Amino acid sequence: MLLPQFPHFKVINLIFEPINKRMIQDLIKAKIASALHALYQIETSGEKVVIEATTADFEGEFTFVTFPYLKLSRKSPEQTANDIGNYLLTNLPELENFEVVKGFLNLSIKQSFWLNFIQEHANTPNFGFATPNSKEPILVEYSSPNTNKPLHLGHVRNNLLGFSVSEILKANGHLVYTCNLVNDRGIHICKSMYAWMKFGNGETPESTKIKGDHLVGKYYVIFDQVYKKEIEELRSNGMSEEDAAKKAPSIVAAQEMLVKWEANDEEVVGIWKMMNVWVYAGFEITYQKMGVNFNQFYYESNTYLLGKEIVKEGLDKKVFFTKDNGSVWIDLTEEGLDQKLVLRGDGTSVYITQDLGTAEMKYEQFHCNRSIYVVGNEQEYHFKVLQQIALKLDKPYAAGIYHLSYGMVELPHGKMKSREGTVVDADELIAEMENTAEETTKALGKMEGESEENLKTLYHTIGMGALKYFLLKVDPKKKMMFNPEDSIDFQGNTGPFIQYTYARIRSILRNAGEVPNIFNLEAISLSKVEKELLLKLYQYPLIIQEASRDLSPGVICNYVYELAKNYSLFYHDHTILKEQNLDQKNLRLNICKMTAGIIKSAFSLLGIHVPEKM
RNA sequence: GGUCUCUUAGCUCAGCUGGAUAGAGCAACGGUUUUCUAAACCGUAGGUCGAAGGUUCGAGUCCUUCAGGGACUACCA
């Protein structure tokens, strides 16, 4: 079977306004470095100087901590801070004034700096994004579903993470390819197939009106029930648990099916194909609802035999060794791992063999030296082994293998298990989120008169916004708790709150009409709240870089939440449309505009849409 | 047994490469709407950052030990 062809990419070369100006932070750091040199003959560079955001209770935007330099300055913390502050005052035109508290030097930037910034960037498209495709290409593999059951909440986390991380990397200038390695073969599928053949009575998605992946999943659960019953019976006849687990008729039958499948048995392959088609049709719907997509699909039924060439290569290079029964191993004890099998005694592949083959294939296709695998943390060991083998084989992509290991989604009662039916189903959850969005919207009654179609879109936007934000705001590395009893919030630190902030801004901008970008800087005085909001807007490019570096959508979530909160405060404290001072009014409208733009932009990095009204 | 990882308010989570008095949201209680969308805003209450040592001007953050969770450690994928 041929692999699906790699589609042609539309590489759109939009002209983005580059952020070629240095950030004010870098400027301050450089000046502090020269201050340290001029005042105390300390040799350092701007990159080594650390400044941080000023804590809310103090005046200023940026803070320099003098303590690390006291031994060299040989002066008191206050004196040192004052010296540097005075130096900056004459050498840094952007500095308005400074304040010294103990050893902390707090710097206040001139309001003209912030006004120039908003004037310059309120209309910059894709503000904060790096030039597209200006950085090395990266391949992101995610989703990787099994075809024997529908997707559950854990998969949703995987998909949203994979999608969002890809978008973040793109925003940071990388060329990103996404792929999905579908696990469409193996004993688990045979289990569903066996149960369907035995108990299915020819049921199909059409005849039952059940979504294909759910129908196949139903038989996976039935298999497990039958299997467990069989084990119990065998045990009551005196068989050990271990033997019973191996000799139960249903598992034996499933294994036989797998053998037949590998032997290309017509009947088994026919059923396999049919059931896979059901599942794919179901997945397609769920993927669409989640808004994820891939440049390339791989199927294990195509790739599971790959990797044997690499085993040969490894044997030639003496990276692998053979045991008496012919099985091939690698010794990773020096790396703190174990001896790992790479090829069975009978010459068949194991998981790692296949993954090595797939890695090679992906490299040939995409030529990415960096490759990110979005896979649960239970496979950390596997990916350590994979990378070690690739390193020992001197593969060009070896160093760039990165396992984005995310934590499980846990329920109050423990882990989700598909075969036991203790899962939060993806489709059900999405439907529930949409329902909640509908109920809330109707209760508030602001959307009366909207068309049925618009409303449906809105419920989906809000429901998915809540779900996505909920899953993405937690650090990917950490496991997270989901309690189905208390539903996902729509208030506070949530997707809908931020969407709401956006909708409010849009409402103002609709009423405002044309927003002139010119205002007389002299006629304006910035409030503390406005300054904080401008500072937040200013930080967005850095946030994208940080999120990209850490591969963490959570960074974006935290940022955009703070931005929305800052805006809400601003909105609450300031009149905008009725402001008499026209320059002030224009400034505020520009702040609104830019805030809306960044909310929309940041949310797009999370795969969340924003409504014009809600 | 070994390796990795986690433990912050009643609950769910932030806390950037060590910096000022540890922050949000939810839940609880109280307040704000004749004015641009109240899915909002403000306030009150809630903490020995799992425990103990150590490193230093300074530790939720780094190191060590311990306790308690979780994952992995298959000729399964």
Side-chain angles (χ1 to χ4, degrees), chain A residues 50 52-58 63 65-68 70-71 77 101-104 106 144 146 183 185-189 300 304 323 325-329 336-338 340-346 348-352 354-355 376-382 384 405 407-408 410 414-415 437 440-441 443-444 446 462 466 470 473-475 477-483 486 488-501 503-512 542-543 546 549-550 554-555 557-558 561-562 564-565 568-569 571-579 588 592 613-614:
Chain A
V50 176
E52 39 208 87
T54 303
T55 311
D57 302 337
F58 299 95
T63 295
V65 185
T66 59
F67 294 112
L70 296 183
K71 272 182 190 158
V101 183
K102 288 187 275 182
F104 298 92
N106 297 328
S144 309
N146 289 348
N183 183 4
R185 64 167 283 278
I187 189 72
H188 47 282
I189 288 107
E300 275 196 21
Y304 82 107
K323 283 196 179 176
N325 63 358
S327 56
V328 182
W329 296 72
L337 306 167
D338 301 302
K340 296 299 294 181
L341 177 87
V342 292
L343 198 70
R344 289 197 192 97
D346 61 6
T348 57
S349 307
V350 289
Y351 185 30
I352 195 86
Q354 166 201 302
D355 250 16
N377 62 11
E378 77 273 13
Q379 291 199 35
E380 275 171 14
Y381 194 88
H382 170 78
K384 275 183 194 161
S405 161
M408 297 289 106
E410 290 181 358
K415 238 186 122 172
T440 311
T441 305
L444 290 170
K446 295 182 203 169
I462 296 174
F470 178 83
K473 78 172 176 200
V474 181
D475 183 330
K477 292 189 284 296
K478 292 189 180 169
K479 66 182 179 201
M480 64 183 296
M481 176 64 68
F482 177 75
N483 189 352
D486 26 271
I488 293 174
D489 272 312
F490 281 58
Q491 277 154 17
N493 187 356
T494 67
F497 162 60
I498 295 159
Q499 288 172 322
Y500 173 70
T501 308
R504 272 170 139 185
I505 300 176
R506 293 299 305 153
S507 171
I508 287 185
L509 292 175
R510 275 192 301 272
N511 291 332
L542 287 178
I543 295 297
E546 192 185 325
R549 184 196 63 199
D550 298 347
V555 170
C557 290
N558 289 336
Y561 172 62
E562 282 170 20
K565 243 186 111 66
S568 288
L569 196 59
Y571 178 90
H572 185 265
D573 290 357
H574 299 76
T575 52
I576 298 164
L577 293 172
K578 289 181 182 159
E579 170 60 45
R588 288 180 184 161
C592 289
K613 291 180 196 170
M614 70 183 272

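Bear in mind the structure is a predicted one, so any value in this text is a computation, not a measurement.
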Asks: I want to check something: taking the side chain as every heavy atom from C-beta on, are A:Y381 and A:D338 in contact at a cut-off of under 4.5 Å?
Replies: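 When only atoms from C-beta onward are counted, A:D338 and A:Y381 do touch, with a gap below 4.5 Å.
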
Asks: Which one, B:U37, B:A20, B:C42, comes nearest to the side chain of A:K565?
Replies: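 Side chain of A:K565 sits closest to B:C42.
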
Asks: Is the shortest heavy-atom distance from the side chain of A:F104 to the side chain of A:T55 under 4.5 Å?
Replies: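 SC-SC contact between A:F104 and A:T55 ruled out.
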
Asks: Indicate yes or no: at least one non-hydrogen side-chain atom of A:I488 is less than 4.5 angstrom from one of A:F482.
Replies: yes

Asks: Base, sugar-phosphate, or nothing: which does A:D346 touch, judged by heavy atoms less than 4.0 Å apart?
Replies: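 Nothing, no nucleic acid heavy atom in range.
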
Asks: OP1 or OP2 of B:A74 versus the side-chain N and O atoms of A:R344: is any pair under 4.0 Å?
Replies: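 Answer no for this pair, as no side-chain N or O of A:R344 is under 4.0 Å from OP1 or OP2.
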
Asks: Please give, in whole Å, the distance from B:G15 C1' to A:E546 CD?
Replies: 11 Å

Asks: Output the distance between atom CG (A:L337) and atom NE2 (A:H382), rounded to the nearest 0.5 Å.
Replies: 12.5 Å

Asks: Nearest to the side chain of A:M614, heavy atoms from C-beta on, is which of B:U7, B:A39, B:C72?
Replies: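 Ranking B:U7, B:A39, B:C72 by closest atom to the A:M614 side chain puts B:A39 first.
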
Asks: Report yes if at least one side-chain N or O of A:Y500 is closer than 4.0 Å to OP1 or OP2 of B:A39; otherwise report no.
Replies: yes

Asks: Just to be sure I understand the rule, does A:Y561 reach a base, reach only the sugar-phosphate, or reach nothing, if contact means heavy atoms closer than 4.0 Å?
Replies: sugar-phosphate

Asks: Consider the side chain of A:Y381, meaning its heavy atoms from C-beta on, and name the nucleotide among B:C72, B:A20, B:G25 that approaches it most closely.
Replies: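 Among the listed nucleotides, the one closest to the side chain of A:Y381 is B:C72.
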
Asks: Under 5.5 Å centre to centre and under 30° between planes: does that hold for A:F104 and the six-membered base ring of B:G19?
Replies: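 Stacking between A:F104 and B:G19: absent.
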
Asks: Could you state the atom-to-atom distance from CD of A:Q491 to P of B:C13 in whole Å?
Replies: 20 Å

Asks: Does A:T63 contact B:A20 through a side-chain donor or acceptor facing the base, at a distance under 3.5 Å?
Replies: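 By the distance-only test, yes, there is a pair.
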
Asks: For B:G18, which nucleotide is its Watson-Crick or G-U wobble mate, given both distances must be under 3.5 Å?
Replies: none

Asks: B:A39, B:A77, B:A14: which one has an atom nearest the side-chain heavy atoms of A:R185?
Replies: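 Of the candidates, B:A77 comes closest.
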
Asks: Is there a donor on the side chain of A:T494 or the base of B:A39 sitting less than 3.5 Å from an acceptor on the other?
Replies: no

Asks: Quick one: on RNA chain B, does A:H574 or A:E562 contact a more 5' nucleotide (nearest heavy atom)?
Replies: A:E562

Asks: Between A:K478 and B:U12, does any side-chain N or O lie under 4.0 Å from OP1 or OP2?
Replies: no

Asks: Regarding A:T575, tell me which of base, sugar-phosphate or nothing describes its non-hydrogen contacts under 4.0 Å with the strands shown.
Replies: base

Asks: If you take all heavy atoms of A:I462 and A:M614, which pair is closest and at what distance?
Replies: CD1-CE, 3.9 Å

Asks: Taking donor-acceptor contacts at under 3.5 Å, does the side chain of A:T55 reach the base of B:A20?
Replies: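 Such a pair is found, so the answer is yes.
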
Asks: Report yes or no: does A:K340 contribute a side-chain atom to a donor-acceptor pair with the main-chain N or O of A:I352 at less than 3.5 Å?
Replies: no

Asks: Show the distances under 3.5 angstrom between N or O atoms of the protein and N or O atoms of nucleotides 54-58 of chain B.
Replies:
{"unit_1": "B:C57", "atom_1": "OP1", "unit_2": "A:K71", "atom_2": "NZ", "d": "3.3"}

Asks: Looking at A:K323, I'd like to know if its NZ atom is crowded, meaning that more than 12 non-hydrogen atoms belonging to other residues, nucleotides or ligands lie closer than 6.0 Å.
Replies: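 Above 12, so yes.
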
Asks: Answer yes or no: side-chain N or O of A:K578 and base N or O of B:U35 forming a donor-acceptor pair under 3.5 Å.
Replies: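 Absent.
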
Asks: Any side-chain N or O of A:Y351 below 4.0 angstrom from OP1/OP2 of B:A74?
Replies: no

Asks: On RNA chain B, check which nucleotide each of A:N106 and A:L577 is closest to and give me the residue with the more 5' one.
Replies: A:N106

Asks: Within the 4.0 Å heavy-atom criterion, would you say A:Y571 contacts the bases, only the backbone, or no part of the nucleic acid?
Replies: base

Asks: Please state the P separation for the pair B:G50 and B:G60 - nearest whole angstrom.
Replies: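 After rounding to an integer number of Å, I get 10 Å for this pair.
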
Asks: Enter the distance from A:R506:CZ to A:N511:CG here, rounded to the nearest 0.5 Å.
Replies: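 The CZ atom of A:R506 sits 11.0 Å away from the CG atom of A:N511.
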
Asks: Under a 3.5 Å cut-off for both contacts, is B:A28 paired Watson-Crick or G-U wobble with anything, and if yes, with which nucleotide?
Replies: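 B:U44 is the nucleotide pairing with B:A28.
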
